[in-house]
Amino acid sequence: MQPSDYETLTPAQAIAYQNELRLQIRIEPLDKPIHIIGGADISFNKYSEIVYAGIILLKYPEMTVIGHSSVISRTSFPYISGLLAFREVPALLEAWNKLDIKPDLLVLDGQGIAHERRLGIATHFGLITDTPTIGSAKSRLSGRYTEPDNEVFAQSPMYDKGEIIGTALRSKKNCNPIYISPGHRISMEQSVEVIKNCIKGYRIPEPTRQAHILVNKVRVDDGGKDTQLNLF
DNA sequence: GCGACAG
DNA sequence: ATCTTGTCGC
């Protein structure tokens, strides 16, 4: 199965594929130190199949942006909760292939194993590129947890079916927590540690925050094309 | 059946 | 996710 073929899958087939992929997930300590960390995100106009994907490269732990890649692509796979990867991975992979150098680890906007079948977009992308990944989501998909204290870096484990699948992390006081979960080839503890080192005063960690800024700029620069309301 | 539901 | 101004709270 190739990402370019995802758009031909039915939701049931996509779920079947996730159940195959989950057998290859490896939640284990990193095997190499991190020097360069990447952040990936997607942007698009409502009702449009055009998607803007981008990956930002930053020095770790300095969080200095040292490079990026972006691509304008399209997708016909709809957004379906639990199947986000089938909609966004194809374009992200195009951006990934355009990078001159690959990061030692990639942070994606969404879940890692904090997913009903343990196949959030970060885990999915990590598996097909054989790269260490971390999922950093702005909202919860699955898992139960108690609200972490209102202090920076207060955290609370997320449980599902008897196992810990993620960590609700208070990245900024008075802000809702973010949901961290390992994607592939990294441990739960290291995932949280790395993300903490990527927080620079904002609720969102620098990798995905910078990636979001990048793809939004690419979308706006692409012109007022495909906007919801475009008079004239 | 009802409520939840990444981006 | 995107569309959007002001506004409440720390």
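First the proteins, then the strands, lettered A, B, ... as listed; each starts at 1.
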Those residues at least two apart in sequence (or on a different chain) that pass side chain to side chain donor-acceptor pair (under 3.5 Å) with A:Ser81 are none
Taking A:Asp41 for the side chain and A:Thr208 for the main chain, is one N or O donor matched with an acceptor at less than 3.5 Å?
-> no
Using a 3.5 Å cut-off and no angle test, enumerate the donor-acceptor pairs between side-chain atoms of residues 121-131 of chain A and protein atoms at least two apart in sequence or in another chain.
residue: A:Thr123; atom: OG1; partner: A:Gly112; partner atom: O; Å: 3.1
residue: A:Thr123; atom: OG1; partner: A:Ile113; partner atom: N; Å: 3.3
residue: A:Thr123; atom: OG1; partner: A:Gly183; partner atom: O; Å: 3.0
residue: A:His124; atom: NE2; partner: A:Tyr6; partner atom: OH; Å: 2.7
residue: A:Thr129; atom: OG1; partner: A:Phe125; partner atom: O; Å: 2.7
residue: A:Thr129; atom: OG1; partner: A:Thr131; partner atom: OG1; Å: 3.1
residue: A:Asp130; atom: OD1; partner: A:Arg185; partner atom: NH1; Å: 3.1
residue: A:Thr131; atom: OG1; partner: A:Thr129; partner atom: O; Å: 3.1

5'-to-3' dot-bracket of DNA chain C (Watson-Crick, G-U; under 3.5 angstrom; crossing pairs as [ ]; | other strand) = ..........
Any chance you could pull the hydrophobic cluster mates of A:Leu141, using side-chain heavy atoms under 4.5 angstrom and chaining through other members?
-> none
Its contact letters, B for base, S for sugar-phosphate only and - for none at protein heavy atoms under 4.0 Å, make nucleotides 2-7 of chain B read --SSBB
For A:Glu49 and C:dA1, give me the distance from atom CD to atom C1', rounded to whole Å.
-> 15 Å
With sequence neighbours left out, which residue pairs that include part of residues 151-171 of chain A fulfil the salt bridge (charged side-chain N to carboxylate O under 4.0 Å, His left out) condition?
-> A:Arg118-A:Asp160, A:Arg118-A:Glu163, A:Glu147-A:Arg170
Return yes if a side-chain donor-acceptor contact under 3.5 Å exists between A:Asn45 and A:Arg219, otherwise no.
-> yes
Note on DNA chain B: ranges paired as stems (three or more Watson-Crick/G-U pairs in a row, both atom distances under 3.5 Å) are none
Could you go through residues 63-74 of chain A and list every donor-acceptor pair under 3.5 Å that involves a side-chain atom there, pairing it with any protein atom two or more places apart or in another chain?
residue: A:Ser69; atom: OG; partner: A:Ala95; partner atom: O; Å: 2.8
residue: A:Ser73; atom: OG; partner: A:Glu94; partner atom: OE2; Å: 2.8

What nucleic acid atoms does A:Ser43 come within less than 4.0 Å of, heavy atoms only: base, sugar-phosphate, or nothing?
-> sugar-phosphate
Hey, can you pull the residues of residues 204-217 of chain A with a non-hydrogen atom under 4.0 angstrom from DNA chain C?
-> A:His212, A:Asn216
Measure from NZ or CZ of A:Arg209 to the centre of the six-membered ring of A:Tyr202 and say whether it is under 6.0 Å with the direction within 45° of the ring axis.
-> yes
Residues A:Ser76 and A:Glu7: side-chain donor-acceptor under 3.5 angstrom | yes
Pairing residues for A:Asp5 by the side chain to side chain donor-acceptor pair (under 3.5 Å) criterion, not counting sequence neighbours = none
Close N/O contacts between protein and nucleotides 7-10 of chain C (under 3.5 Å):
residue: C:dC10; atom: O3'; partner: A:Asn174; partner atom: ND2; Å: 3.0

Taking all non-hydrogen atoms of both residues into account, name the closest pair between A:Ala53 and A:Val215 and its distance.
-> C-CG1, 3.7 Å
So which of residues 153-164 of chain A are in contact with DNA chain B, with a heavy-atom cut-off of under 4.0 Å?
-> none
